[in-house]
Amino acid sequence: MAKMAASAAECGEDAFRKVFKFYKRRNPPPDFSDVVDFSTGAAGDKVVPAKLDPAAVSDAEAARVGLQPVRDWRAFGLQGYPGFIFISNPFLLGSQPFWVTQCLKTYPKKPNVCNLDMHMSPSDTQDIWGKSIHGLSCPPSGKREPKTLLERLRWVTLGYHYNWETKTYSANHYTPFPADLHRLSSQLTAACGFQGFNAEAGILNYYRSDSSLGIHVDESELDHSRPLLSFSFGQSAIFLLGGTCRQDPPTAMYMHSGDVMVMSGQSRLLYHAVPRIVPAPQGQTSLEVESCGLRDNTAMEQVPEQDWAVCSRYIQSSRVNVTVRQVLGLGQGFPATPSRRQETDAGWTNSYHQGPAEVEMKRKRSSSCDSVDTET
Ligand code: OGA
Ligand code: MN
């Protein structure tokens with residue numbers, strides 16, 4: 001045991017990293033029997049029911065953003081993780097296509113920022129959706145075809161745009177946060193007992209089947225008393241939730257399409273990661289049902305059939321995760337003098353327009369960087 005700990009320290013290994021590598025492994029594939037599945041109750045010895053506030057959100061308000069009445073939500077906590085709330089797909093049947101379409105067609109549009117902006121001109125990243133639909137609609141020709149822009153999309157930022165280099169948000173890089181996602185976030189957090197949550201920044205991560213997200217803590221927001229929200233769509237993921245230090249072994253859980261996670265209180269600043277994308281369970285999630293055209297049970301805008309054809313094809317092999325953050329506390333502003341890591345406007349612009357190789361390398365090198373890595 002002591003020997004093992006010493007060698008782990010020597011090569012910079014930690015308990016979290018070990019588990020991360022275990023679930024990331026391809027050959028032989030790992031044993032998934034310890035992965036908590038909130039949808040089935042599997043490996044659920046630490047799972048406890050979570051209390052919600054159904055009176056905080058009316059059924060009509062919930063339906064307006066595509067959510068079931070709060071009394072019907074299945075919400076859970078995890079022993080040892082106070083403030084962590086897992087809501088097993090609270091969406092109304094038929095409303096996920098709306099949110100998936102927002103993530104693929106609407107939110108990547110300007111003025112929002114995405115990874116492709118780092119090495120392409122604004123005119124080239126202007127219409128990611130329009131430039132991708134042909135390639136995504138055609139059945140595979142058998143030949144190796146160039147990837148569409150949508151397939152090369154890795155992240156999009158909303159509101160206060162996260163600066164991956166300095167790991168900060170700043171007042172001078174802000175564009176309006178999408179009103180619909182703001183409303184969805186307000187309803188969800190209100191039901192969890194957080195009144196007045198103000199969605200100010202969003203990070204969308206786009207995962208292919210071989211992508212992963214490194215071990216990190218989300219601490220760049222200035223008010224950690226506000227919860228962090230996470231929505232998953234498409235294929236499933238193994239999510240690891242650890243402790244306040246890397247020595248704490250994490251708990252592994254599945255995130256399926258429609259699942260929502262709230263990290264608040266003592267769980268707001270815990271290490272976490274996504275070591276692996278796994279196929280959505282067959283016949284169990286609403287994903288297939290959503291794809292079958294059973295889409296009338298919703299107060300939401302209907303997604304045009306041809307848009308959904310593209311989106312459903314995309315999510316057959318991909319996962320989209322949306323995290324929503326409140327950056328500033330009530331009445332709080334950004335510090336007047338930029339801290340050492342927070343650059344001036346000019347400096348920010350320069351680092352933002354760095355060459356692609358440099359940005360990509362930095363992202364890949366740092367396991368604590370909030371960006372999706374793809375094995376190639
Ligand atoms: C993040 C994050 C988790 C996920 O974007 O900070 O932790 O499930 N995402 O993709
Ligand atoms: Mn995170």
Side-chain angles (χ1 to χ4, degrees), residues 16 19-20 23-24 35-39 78 81 83-89 99-100 103-104 107 112-115 153-164 167-169 181 185 188 199-221 224 226-244 246 250-264 267-278 280 285 315 318-327 363 366-374:
F16 198 124
V19 178
F20 183 91
Y23 284 111
K24 194 173 172 167
V35 182
V36 178
D37 194 335
F38 290 96
S39 69
L78 264 185
Y81 298 90
F84 174 77
I85 306 168
F86 191 103
I87 307 162
S88 195
N89 185 16
W99 290 110
V100 173
C103 292
L104 298 179
Y107 301 152
N112 300 332
V113 180
C114 71
N115 64 303
L153 192 62
R154 289 289 165 271
W155 55 262
V156 166
T157 55
L158 312 171
Y160 286 117
H161 298 281
Y162 188 64
N163 181 330
W164 303 93
K167 298 193 160 78
T168 59
Y169 303 96
L181 186 56
S185 305
L188 257 153
E200 292 174 316
I203 299 180
L204 283 83
N205 284 312
Y206 300 82
Y207 296 82
R208 313 296 297 173
S209 55
D210 58 357
S211 308
S212 60
L213 179 70
I215 307 163
H216 69 280
V217 174
D218 292 290
E219 57 188 357
S220 301
E221 299 72 26
H224 297 148
R226 304 272 71 197
L228 191 144
L229 263 177
S230 161
F231 302 92
S232 280
F233 299 107
Q235 297 305 301
S236 302
I238 305 276
F239 182 86
L240 299 179
L241 182 65
T244 52
R246 303 259 302 227
T251 299
M253 63 195 85
Y254 287 106
M255 272 197 99
H256 299 304
S257 195
D259 288 350
V260 181
M261 237 179 226
V262 180
M263 291 172 79
S264 70
S267 291
R268 173 66 181 74
L269 293 172
L270 298 182
Y271 277 103
H272 56 279
V274 177
R276 194 184 192 100
I277 301 303
V278 289
T285 60
I315 60 164
S318 309
R319 168 179 186 253
V320 183
N321 176 259
V322 185
T323 52
V324 178
R325 303 120 191 272
Q326 177 166 342
V327 176
R363 288 179 49 217
S366 163
S367 64
S368 63
C369 180
D370 274 9
S371 53
V372 177
D373 278 343
T374 305

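In listed order, ligands and their atoms are each counted from 1. In this text the structure is predicted, and so the values were computed from the model without any measurement.
Taking every non-hydrogen atom of Asp218 and a distance limit under 4.0 Å, the qualifying atoms of ligand 1 come out as 6 (O). Close approach to Leu213 involves these atoms of ligand 1, each under 4.0 Å from a residue heavy atom: 1 (C), 2 (C), 3 (C), 7 (O), 9 (N). Close approach of ligand 1 to Val274 (heavy-atom distance below 4.0 Å) involves ligand atoms 3 (C), 4 (C), 8 (O), 10 (O). Numbered from 1 in the order shown, with element, the atoms of ligand 1 that lie under 4.0 Å from a heavy atom of Tyr207 read 4 (C), 10 (O).
Taking the six-membered ring for Trp and thresholds of 30 and 60 degrees, Phe233 and Phe231 have nearly parallel ring planes, at less than 30 degrees apart. Using cut-offs of 30° and 60° for the angle between ring planes, the Phe86 and Phe38 rings count as parallel.
Looking at Asp218, its N, O or S atom nearest to the Mn ion (ligand 2) turns out to be OD2.
Residues passing the ring pair (Phe, Tyr, Trp, His ring centres under 6.0 Å) test with Phe20, sequence neighbours excluded: none. For Tyr81, the side-chain hydrogen bond (donor to acceptor under 3.5 Å, both in side chains) partners two or more places apart in sequence, or in a different chain, are Thr251.
The closest side-chain donor-acceptor pair between Asn89 and Ser257, if any, does not fall under 3.5 angstrom.
Note that Arg276 lies outside the cation-pi zone of Tyr23, set by a 6.0 Å cut-off to the ring centre and a 45° limit from the axis.
Residue-to-ligand polar distances place Asn205 within reach of ligand 1: an N/O pair is separated by less than 3.5 Å.
Nearest residue to atom 8 (O) of ligand 1 from His272, Arg325, Arg319 is Arg319 (criterion: closest heavy atom).
Only the side chain of His216 comes within 4.0 Å of ligand 1, counting heavy atoms alone; its backbone N, CA, C and O stay farther away.
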